[in-house]
Protein chains: 2
Amino acid sequence: MHYSAYMNNIKIQINKYTTCFKALSDKTRLRIFYILSKLKKELAVCEIMDAIAESQYNVSRHLQILKHAGLIKENKKGRWVLYSINEDNDLASQLVQTVLALKPAYFKDDMQRAKARLKKRCKGKIVFCLNQPLKEKFDE
Amino acid sequence: MHYSAYMNNIKIQINKYTTCFKALSDKTRLRIFYILSKLKKELAVCEIMDAIAESQYNVSRHLQILKHAGLIKENKKGRWVLYSINEDNDLASQLVQTVLALKPAYFKDDMQRAKARLKKRCKGKIVFCLNQPLKEKFDE
DNA sequence: ATAATATATGCATTATAGTGCATATATGAA
DNA sequence: TTCATATATGCACTATAATGCATATATTAT
């Protein structure tokens, strides 16, 4: 292999790594990644939205960034898009361990909302989503 | 504790985590962190500079960012400032394991230069630094 | 005291990234 | 087909971050 091609390959590969760290360098994305790591389940966008009480468009955009980094994968099921940890990516699996070693206290609220949301599923099926952040729906 | 104070504390703590990931989201910093993780030694700024063939001011600045994130610590020794992994930080230790699990091939060149540079030490003492990137000094 | 070396940082420039709003697309239900 | 729901994205705006240059600070040697 040509020297410049060799150097170029190294650059690309190291970029893949930094892209993963960058993906977790945002609060919203770290919270999403934590929930997916902890629950070890596929979650729909609207469920994640409720768990972290963020707007639909932001959750969607952050999910794209996590997906583009290779940390999560998507699975389209009808009108829903389910996201889960991409275990095919070694670094993703490593980072799951890393975030699970963080103090759970700081993610407690998110986890409570996530679990509350998952309980609403009907025989494993997602039942409703209203594209509104959690507060307007659950705080009655 | 007041509710807003509680939320504020959570925000600050999660920010500490994202700051660590952000610190590793830059190519230069990831390379520095890798070298320090692998060598398990204190390295002077000029030695790191030679290892990654980067300018003095950039290396120095990136070291500040890693230090500020709590991933590395500094130890002033005369005119030199030695940097090493901050093992007091649990997340830093976790991330050391994470980066050591990355493919070594992509850090091989850096490691070779780092080792070559350390060999120039005299009885463990740093012997010379010229504030010039490696190429001008070693490629004779 | 002066010079040389090691490290850090202010500033200007450029590039990248996050947010909110509006809107587009896709799927299923009536 | 029409409507409602779920998800994605273009755009404008703002904020943050990386880089290079020059320079400041600190320490050691002469």
Side-chain angles (χ1 to χ4, degrees), chain A residues 11 14-15 18-19 21-32 42-50 52-69 72-83 117 120-121 125-134 136-137, chain B residues 14-15 18-19 21-32 42-50 52-69 72 74-83 117 120-121 125-134 136-137:
Chain A
K11 274 187 191 170
I14 293 193
N15 269 351
T18 54
T19 301
F21 289 114
K22 186 166 302 188
L24 296 183
S25 76
D26 174 89
K27 205 180 69 159
T28 306
R29 294 195 293 268
L30 180 61
R31 292 164 68 203
I32 293 173
E42 290 186 313
L43 267 77
V45 178
C46 56
E47 295 176 320
I48 295 169
M49 210 176 90
D50 285 347
I52 66 173
E54 264 291 337
S55 63
Q56 183 271 322
Y57 49 84
N58 263 335
V59 170
S60 182
R61 237 190 286 261
H62 285 303
L63 284 168
Q64 299 312 308
I65 293 172
L66 286 165
K67 187 182 79 173
H68 189 253
I72 64 174
K73 61 188 173 192
E74 74 174 40
N75 175 18
K76 209 159 183 324
K77 276 266 174 64
R79 93 176 85 177
W80 286 286
V81 181
L82 305 177
Y83 287 92
R117 188 59 174 80
K120 309 243 170 190
R121 283 189 186 183
K125 300 263 183 206
I126 298 129
V127 282
F128 75 99
C129 292
L130 290 176
N131 270 4
Q132 302 293 333
L134 188 71
E136 283 105 44
K137 293 192 302 187
Chain B
I14 293 192
N15 269 350
T18 55
T19 301
F21 288 114
K22 186 166 302 188
L24 297 183
S25 76
D26 174 89
K27 205 180 68 155
T28 305
R29 293 195 294 267
L30 180 61
R31 292 164 68 204
I32 294 173
E42 290 186 312
L43 266 77
V45 178
C46 56
E47 295 176 320
I48 295 170
M49 209 175 91
D50 286 348
I52 64 172
E54 263 292 338
S55 63
Q56 183 270 323
Y57 50 83
N58 263 334
V59 171
S60 182
R61 237 190 286 261
H62 285 303
L63 284 168
Q64 299 312 309
I65 293 172
L66 286 165
K67 187 182 79 174
H68 189 252
I72 64 174
E74 74 174 42
N75 176 16
K76 207 158 185 321
K77 274 268 174 62
R79 90 176 86 177
W80 285 287
V81 181
L82 305 178
Y83 286 93
R117 187 60 175 81
K120 309 245 171 189
R121 283 189 186 182
K125 298 263 183 205
I126 298 130
V127 282
F128 75 98
C129 293
L130 289 175
N131 270 6
Q132 302 293 331
L134 189 71
E136 284 105 40
K137 291 194 302 187

Please list, for nucleotides 10-13 of chain D, all pairs of protein and nucleotide N/O atoms separated by less than 3.5 Å.
residue	atom	partner	partner atom	Å
dG10(D)	O6	Arg61(A)	NH1	3.1
dG10(D)	O6	Arg61(A)	NH2	2.7

When you look at Leu63(A) and Ile72(A), which way does the side chain to side chain contact (heavy atoms under 4.5 Å, CB included) test go after all the steps? CA-CA 8 Å; Leu63(A) 284 168; Ile72(A) 64 174; 3.7 Å; yes
Checking contacts here: which listed nucleotide (dA29(C), dA8(C), dA8(D)) is nearest the side-chain heavy atoms of Gln64(B)?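 Comparing dA29(C), dA8(C), dA8(D) against the side chain of Gln64(B), the answer is dA8(C).
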State whether Glu47(A) and Arg121(A) are salt-bridged, where the test is any N-O pair (Lys NZ or Arg NE/NH1/NH2 against Asp/Glu carboxylate O) under 4.0 Å. yes
Arg31(A) and Glu54(A) ion-paired at < 4.0 Å: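 No salt bridge links Arg31(A) with Glu54(A).
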Send over the distance from [X] [atom1] to [N] [atom2], rounded to a whole Å.
{"X": "His68(A)", "N": "dT9(D)", "atom1": "NE2", "atom2": "C1'", "answer": "15 Å"}
{"X": "Leu66(A)", "N": "dG18(C)", "atom1": "CG", "atom2": "P", "answer": "10 Å"}
{"X": "Glu74(B)", "N": "dT9(C)", "atom1": "CD", "atom2": "C1'", "answer": "14 Å"}
{"X": "Asn75(B)", "N": "dA26(D)", "atom1": "CG", "atom2": "P", "answer": "18 Å"}

Taking 4.0 Å as the cut-off, does a side-chain nitrogen or oxygen of Lys76(B) come that near to OP1 or OP2 on dA26(D)? no
Got a list of protein N/O to nucleotides 15-18 of chain D N/O distances below 3.5 Å?
residue	atom	partner	partner atom	Å
dA18(D)	OP1	Arg29(B)	NH1	3.2
dA18(D)	OP1	Arg29(B)	NH2	2.6
dA18(D)	OP2	Arg29(B)	NH1	3.4

Any N/O donor-acceptor pair, Gln56(A) side-chain to dA8(D) base, under 3.5 Å: yes
For His62(A), does its backbone N or O pair with a side-chain atom of Arg29(A) as donor and acceptor, under 3.5 Å? no
Donor-acceptor contact below 3.5 Å, side chain Ser25(A) vs main chain Lys22(A):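 It does hold such a pair.
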Check side-chain hydrogen bond (donor to acceptor under 3.5 Å, both in side chains) between Asn15(B) and all other residues, then give those that pass, not counting sequence neighbours. none
